[in-house]
Protein chains: 2
Amino acid sequence: MDENKANKRVGIKDIAKEANTSIASVSLVINGKDNGKVADKVKKRILEAIKKLNYQPNLNARTLKSGDSVLIGLIVPSITNHFYPELIKGIMQRADELGYYIVIFDSENDFAKEEAYVRTLRSISAKGIIIAGVYDDDGREERMFHELKEQGVPLLQVDRFNPIHQLPYVGLDNYQASYEMTKYLLSIGHERIALLMPQGKQYIIEERRRGYEKAMKETDHDIEDGIFYLDAIHFSNLDDCVKNIIESPKRFTAIYDANGDISAIEVIKELRKNDLIVPDDIGVTGFDDVYVSALIKPALTTIRQPKYELGKNAMDLMKQIIDGNNTENMGIQLKGQLIARGSVSVIL
Amino acid sequence: MDENKANKRVGIKDIAKEANTSIASVSLVINGKDNGKVADKVKKRILEAIKKLNYQPNLNARTLKSGDSVLIGLIVPSITNHFYPELIKGIMQRADELGYYIVIFDSENDFAKEEAYVRTLRSISAKGIIIAGVYDDDGREERMFHELKEQGVPLLQVDRFNPIHQLPYVGLDNYQASYEMTKYLLSIGHERIALLMPQGKQYIIEERRRGYEKAMKETDHDIEDGIFYLDAIHFSNLDDCVKNIIESPKRFTAIYDANGDISAIEVIKELRKNDLIVPDDIGVTGFDDVYVSALIKPALTTIRQPKYELGKNAMDLMKQIIDGNNTENMGIQLKGQLIARGSVSVIL
DNA sequence: CTGAAAGCGCTTACAG
DNA sequence: CTGAAAGCGCTTACAG
C-alpha cells in the first residue's frame, strides 16, 4: 500500500526551474524579502510559476532552517468547560489574521499532562505557548513557566493568571467584578451572603474572594464563616457545601458561587433537592455567563466574562511577545459585566 | 532584543558526543529501530545522555526528512456550536494516546476558509485531515476532497459526512435516529408532526428527512406540506418558519426540529412569543442532546448523539488510514439514543 | 541583480 | 555492530 504516499510535492526548486532562475531568488520573492533585489521580469515569472504549479511552501523546512514556526500552542484545562470554546475562537480568529495556527491541548486539569504538552510544543518548535493553567498549589507550574521564559519561549497566561509569575497575561479583573457582584447583592437587600469558592489557591479565585470581602467589610457586614470551599472539578462535595450553607445559623439569603455558572446551576439543583425554592427561599448568583445561564428558570444573575475578547487580546499580546516588544510585567485585565436576572430576588 | 532567541537546543549530535558514539546509533535508539543493531552498553549510554541533557527531538527536522508528522488537522464549522467540544475532546484524547496532536481550525461554515486551512495543513505536512465540512451545495468541497485523496492525504469526514464521496467517515446513523424519533412521537399520539430542517442539501440532514418520512408513511400519515426549511446558521427566518407552522391548516401538534437542540430551544422561545405553551399547546423535540437540553423547562426530548465516541472513533479510523490499512468505502455510523423528556406531551 | 553553497537537525541506506 | 555521508526543502550570507 503506497496509496498514502503523497505525490512528490512541488518545491522551490521546481519553481526556480519553471521560472528559469535560481532558488535564492524564488525564496526571496516568496518571503517578500526582494526589495529590488529581484528583477521585475524575473519576479513576474516566479509568481506565475508559483500559481501554475500550485506551490505550497514546506513549512517544516522553513521552520527548521529559520526557527520561525507558524504554530502557536494552546493548552486549556478542559475544552468542554462552557467557558473556553468562545475564548478559543477569539484566539483562533486573531491567530489566523496574524498568520499563525493553533495546536490545541486539553490538560484535563492535570499538571503532568500540561507539562508533557509543553514538551511536545517545544519539539515542534511552536512559536509561542498560551496556557490557561491547571489548579496548582505546589509551585511546579510556576517553575515550568520560568524555565520556559529563561529558554526564551514566548509564553502567555490566559484566564488563569497570576501576576506573581512576572509573566504576561490576559484575564479578567476578578477583584472588581466580584466586588460589583457583592455590592449588587447588598444593594438589593441581601445582608448574609455565602461565598462559594473552588478549593485550591488560584490567584484569580483569591481575587474574587478579596472583592467579596471588600464589599462586605466596607458596609460593615460580617464575613465570618461565610466562605465555603467546593471541589470545582468534580463537584464531589457540592451536596455537603449546600447542606452547610442552608443549615448554618447565619441564615444566608444568597449564595454567590464564584466557581462559575455551571457550578451555580448545580447548586440550584441541590437546593431544590432540599425543597428550597430559588430565588424565593434563597438567591443564587454565578460567574462567567455561559449560554445556558440565560435559559434556565430562574435565569441566572451572573458576571459576564468577555470570552471572545479575552481570546483576541491574548493572541494580540502573544504577537507582541513574539515580536520581541517589551512585555515585561505586562498584564491585561478586562472588565466583567454584571448581568442581573431572576435567580436572586429583591429584599425590602 | 534577542530575549526570544531560544538557547541552543540540544540535538542528536550533542547526545552522540556525550554518549561517545555516532549520531546514527542515537537516531536508531530514539526511534526504537535498534534491534540488536546497537550494543546494549552503547544504548545505555545514549539513554543516559538523553536524560541528562533533557533532549527533545526536533520534529520539524524529522518530518522534513521522513515525511512523518505528528500533526493531525481538524476543521470544524463552529467550535462554539455546543455539539463540537466534546467531539473534539474525543479526537484529542485518542490522538494523544496514538502520539498525534491536533491543529484546529474553525471554518465558520465558509468553504473558502475550509479550503485555505486545508492548504495550510498541507504546508505543515499534517499527517492527516479530519473534517466536519461546511454546508455545501455546489460540489466544490467534494472536488477538494477527491483531490486530497488523489494526492494521498489521509482524509476523514466526521459528523457531516456523505457516503457518495467514497471517503471514510464517522457519523451518526441519522436515518435510524430520525425514524425512532418520529415513531416515538406517533406512539404517544401525535399524528401531525412538522419537520423543521436546515436549508441546504447535506446528506445527514436528508437522512433525517428520510427517517421521518419512513415512519410517517408506514403508518399512513400525511407528510404533505409538513416540512419547513430553516436558515440553520443565523436562524434568520426562524420566526417565519414558526409562524408558518402554527398557522398551517394542518394544525400540527408537534415540531420535530432536525436542526438540533439549540435550534429547538429557539423555536420554543418563538412559540412563547406567540403565546403558545410547550408542551401543552404544541410539542417540540430536538436533535443532539447538548448540556442545556436537560436544564431548560420543559426539558427537551431529543436524540442523544454520542459526541465523545464519535470523536474517538474518528481518530481511530484516521489511524487506520494513516497506517495504510484498507479503508476504501469504510464508514462508521454510530447509533443515536432517544431521550424522552418533557417538551412533548402524550396525547390520548 | 543572480547563483552557488552551507547548513538547520534529523533519517536512512551503505560501507566497513 | 558502528560511522561517514547524502539529502529532506528551505533561508541566508556571500561572491560575482
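Chain identifiers are assigned alphabetically (A, B, ...) following the order of the sequence lines, protein sequences preceding nucleic acid strands; residue numbering begins at 1 within each chain. Here the structure is a predicted model, which is why all the values come from computation and not from measurement.
Mapping B/Leu64 and B/Val42 onto DNA chain D by nearest heavy atom places B/Val42 closer to the 5' end of the strand.
Classification of A/Asp68 and A/Arg62 as a salt-bridged pair fails, no side-chain N sitting under 4.0 Å from a carboxylate O. With respect to A/Arg45 and A/Glu48, no salt bridge is recorded, no charged nitrogen being found less than 4.0 Å from a carboxylate O. Under a 4.0 Å N-O distance rule, the pair B/Lys43/B/Asp34 qualifies as a salt bridge. Between B/Asp323 and B/Lys319 a salt bridge is recorded (basic side-chain N to carboxylate O distance below 4.0 Å). Salt bridge B/Lys149/B/Glu328: present, at least one basic N to carboxylate O contact under 4.0 Å. The pair A/Glu141-A/Arg160 does not count as a salt bridge, with every side-chain nitrogen at least 4.0 angstrom from each carboxylate oxygen.
Taking atom NZ of A/Lys17 as the reference point, atom C1' of C/dG3 lies 16 Å away to the nearest angstrom. Nucleotide C/dC10 holds its P atom 9 Å from the CG atom of B/Asp14, rounded to whole Å. Across the protein-nucleic acid pair, A/Ile15 atom CD1 and D/dG9 atom C1' stand 13 Å apart, rounded to whole Å. Atom P of nucleotide C/dG9 and atom CD1 of A/Ile124 are separated by 17 Å, given to the nearest angstrom. Rounding to whole angstrom units, CZ of residue A/Arg9 and P of D/dG7 are separated by 20 Å. Going from atom NZ of A/Lys13 over to atom C1' of D/dC10 covers 10 Å, rounded to whole Å. Remark: P of C/dG9 and CZ of A/Arg62 are 18 Å apart, rounded to the nearest angstrom. B/Asn58 has its CG atom 18 Å from the P atom of C/dG7, to the nearest Å.
To the nearest 0.5 Å, atoms OH (B/Tyr203) and CD1 (B/Ile164) are separated by 9.0 Å.
Nearest to the side-chain atoms of B/Lys37 among the listed nucleotides D/dC10, C/dG3, D/dT2 stands D/dT2. Between C/dC1, D/dT2, C/dT11, one nucleotide has an atom nearer to the side chain of B/Ile12 than all others, and that is C/dT11.
Ring planes of B/His165 and B/His146: perpendicular class, angle over 60° (limits at 30 and 60°).
Secondary-structure stems of DNA chain C, taken as three or more successive Watson-Crick or G-U wobble pairs (i with j, i+1 with j-1) under a 3.5 Å distance threshold, comprise C:1-3 with D:14-16, C:5-12 with D:5-12, C:14-16 with D:1-3.
At the phosphate of D/dG9, neither OP1 nor OP2 sits under 4.0 Å from any side-chain N or O atom of A/Tyr55.
Enclosure of atom CG in B/Asp40 is not indicated, since only 12 or fewer non-hydrogen atoms of other residues, nucleotides or ligands lie within 6.0 angstrom.
B/Thr63 comes within 4.0 angstrom of no nucleic acid atom, judged by non-hydrogen atoms across all strands.
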Do any N or O atoms of the protein come closer than 3.5 Å to N or O atoms of nucleotides 12-16 of chain D, and which pairs are they?
| unit_1 | atom_1 | unit_2 | atom_2 | d |
| --- | --- | --- | --- | --- |
| D/dT12 | OP2 | A/Lys33 | NZ | 3.0 |

